[in-house]
Number of protein chains: 2
Amino acid sequence: MTSIPNSENINTWISELNSDAKAAISVDCVIFGYNEKELSVLQIECNMPPHEAKMSLIGDLVKSYETVDEAANRILEKITGLSDLYLEQVQTFSDPNRHPLGRVISVAYYSLIKTDKYELIDKEHKHLQWVPITSTEEMAFDHQQIMNLCYNRLKKRLRERPVGFSLLPKKFTLIQLQRLYEIILGIKLDKRNFRRKLKATGLLKDLGEVQQDVSHRPAKLYTFDYERYAEMKNSNVLKFDI
Amino acid sequence: MTSIPNSENINTWISELNSDAKAAISVDCVIFGYNEKELSVLQIECNMPPHEAKMSLIGDLVKSYETVDEAANRILEKITGLSDLYLEQVQTFSDPNRHPLGRVISVAYYSLIKTDKYELIDKEHKHLQWVPITSTEEMAFDHQQIMNLCYNRLKKRLRERPVGFSLLPKKFTLIQLQRLYEIILGIKLDKRNFRRKLKATGLLKDLGEVQQDVSHRPAKLYTFDYERYAEMKNSNVLKFDI
DNA sequence: TCAAAAGTGTTCAGCGTACACCCATGC
DNA sequence: GCATGGGTGTACGCTGAACACTTTTGA
């Protein structure tokens, strides 16, 4: 950035940069967890007045040497033990009164995780909790607003990009995939139309295998074709509209 | 936000908030100007080493008492003399080395303005310049990247929300409107199909007036129906897909 | 053989797209 | 009367949506 004319010279800049123009920067992550039954958000007990009774999102201050993306990944890895999770920056929140301890500007992210992968690590963090997205308990600070915005973004993305596959096992059935869409979007979908659409994307690989040990007709197993996806992105022919 | 478990207690927080965890926050605005011939971006000569020869976006530091939205509006009003411009937050940029004078985290916005409205005020700011979006001169800092991202966002928005009308006079012809879409999107559109689609939104009011003093068949004048738009947004029936 | 869930095709309406000619005005 | 740009309708293919029955397996 370059300052607007009136305050534009380097000396002004340097003194402003060292004055109270500085603020603390944090990252808040809406970590969506999916367990094939419901969509939840990972929350932590808030121990900060005046929000002691409420839950809040997972966040931390951004270090001086990292980008906000890096901070978000660091937080995620610390909490989940997993790296390379799907992660998307959503919006920056900056109400001067949003945080009780002073000015904290927060960059909101959301990420996606299979709840079962996480369970292992949860044991050491008892005050962490999966809260179903349908829960109406009010959250601390402006975290309710952040969560709602991220949920809306997720719903939009799910329909225009293949982000949902990161919430399923590598091998999945079409029924599992459909249920994922139905639960996250909160709507019912037509089985035949859904299958036709998904197959038309060309991003499903039929593994030629079927489910084992189910007491009904076993379903075929598919996997997401990451290579094909990379090709399509590169050549700009990706058509994904569910 | 609430810190992650290991560093979670208020004293840690307070000391971190007063330490070097703070950073300068700025807002950078991609101000798109449209003059019915081309789309330009308002840029300013950059006088900061090592970028002296380049142009940069309009920006400023965020004051301690304002939100980033407010900062963006303040900057816009100072530069253009206009308030209530269309304004949208796009993304936060935070590479620790993005700014030569130290850590400055920047929130990128774009806004839309009719170039002719602006011309009046430009006189006092000679080092400001409208640069056509098609220009390939490299910009200072990461401003090229910011501009590209904002331009892509604008193109997407233009097709899914009625944001383009703020770039036309109150009374406009369908040809003017189509030209606006063609220039911003950088594509050709079919006249008949474009008109059918736009009329189908129900957001155009036929004024029953025609152009004056043109040396050909005068075109009908329309206006954007803001009341209708507000109603549609409220009742969630807005369908706008150009 | 029954229960439970998987899998499969067709029809119809609406929408996007391609395309060519007549109309109103000023000069 | 001619040059200039404004304005209009139709046909076709594709896509989204609605909808019901057969298949495979384990118990």
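Here is the naming used below: chain letters follow the sequence lines, and residue numbers restart at 1 for every chain.
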Side-chain donor-acceptor pairs of residues 196-206 of chain B under 3.5 Å, sequence neighbours excluded:
| residue | atom | partner | partner atom | Å |
| --- | --- | --- | --- | --- |
| B:R196 | NH1 | B:N193 | OD1 | 3.4 |
| B:R196 | NH2 | B:N193 | OD1 | 3.1 |
| B:T201 | OG1 | B:L198 | O | 2.6 |
| B:T201 | OG1 | B:L203 | N | 3.2 |
| B:D206 | OD1 | B:G208 | N | 2.8 |

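- The CZ-P distance, from A:R217 to D:dT24, rounds to 6 Å in whole Å.
- The interatomic distance linking A:L189 (CG) with D:dA18 (C1') rounds to 14 Å, in whole Å.
- Taking atom NZ on A:K220 and atom P on D:dT24, their separation rounds to 11 Å, with Å as the unit.
- Atom NE2 of B:H216 and atom C1' of D:dT4 are 7 Å apart (whole Å).
- A donor-acceptor pair under 3.5 Å links the side-chain atoms of A:Q144 to the main chain of A:M139, judged by distance alone.
- Atoms CZ (A:R192) and P (D:dA18) sit 12 Å apart, rounded to a whole Å.
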What are the atom names and distances for every N/O pair under 3.5 Å that joins the protein to nucleotides 13-16 of chain D?
none

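- A donor-acceptor pair under 3.5 Å is formed between the side chain of B:N35 and the backbone N or O of B:E38.
- In 5' to 3' order, the nucleotides of DNA chain C bounding all contacts with chain A (an atom under 4.0 Å from a heavy atom) are C:dA4 to C:dT10.
- Taking 4.0 Å as the cut-off between side-chain N and carboxylate O, A:R98 and A:D28 count as a salt-bridged pair.
- For A:H143 (side chain) and A:L57 (main-chain N/O), a donor-acceptor pair under 3.5 Å exists by modelled atom type.
- The stretch residues 202-215 of chain A comes close to DNA chain D through A:V214, A:S215, each having a heavy atom under 4.0 Å from the strand.
- Checking A:A219 against A:D190, the closest nucleotide of DNA chain C that is more toward the 5' end is the one next to A:A219.
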Solution key, residues 215-225 of chain B side-chain donor-acceptor pairs under 3.5 Å, sequence neighbours excluded:
| residue | atom | partner | partner atom | Å |
| --- | --- | --- | --- | --- |
| B:T223 | OG1 | B:K170 | O | 3.1 |
| B:D225 | OD1 | B:E227 | N | 3.4 |
| B:D225 | OD1 | B:R228 | N | 3.1 |

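- When atom types are taken as modelled, the side chain of A:E182 and the backbone of A:L189 share a donor-acceptor pair closer than 3.5 angstrom.
- At distances below 3.5 Å, not a single donor-acceptor pair connects side-chain atoms of A:Q91 with backbone N or O atoms of A:V107.
- Looking at B:T67 and A:D95, their side chains never bring a donor and an acceptor atom within 3.5 Å of each other.
- Contacts between residues 163-185 of chain A and DNA chain D, defined by a heavy-atom separation below 4.0 Å, involve no residue at all.
- A straight line from NZ of B:K191 to P of D:dG7 spans 8 Å, rounded to a whole angstrom.
- Electrostatic pairing of A:R157 and A:E88 counts as a salt bridge here, judged by a charged N lying under 4.0 Å from a carboxylate O.
- B:E77 places no side-chain N or O within donor-acceptor distance of the main-chain N or O of B:R74, the cut-off being under 3.5 Å.
- Ring geometry for B:F172 versus B:F165: interplanar angle of 30 to 60°, hence tilted.
- Of the possible polar contacts, none joining the B:Y110 side chain to the B:Y86 backbone as a donor-acceptor pair under 3.5 Å is found.
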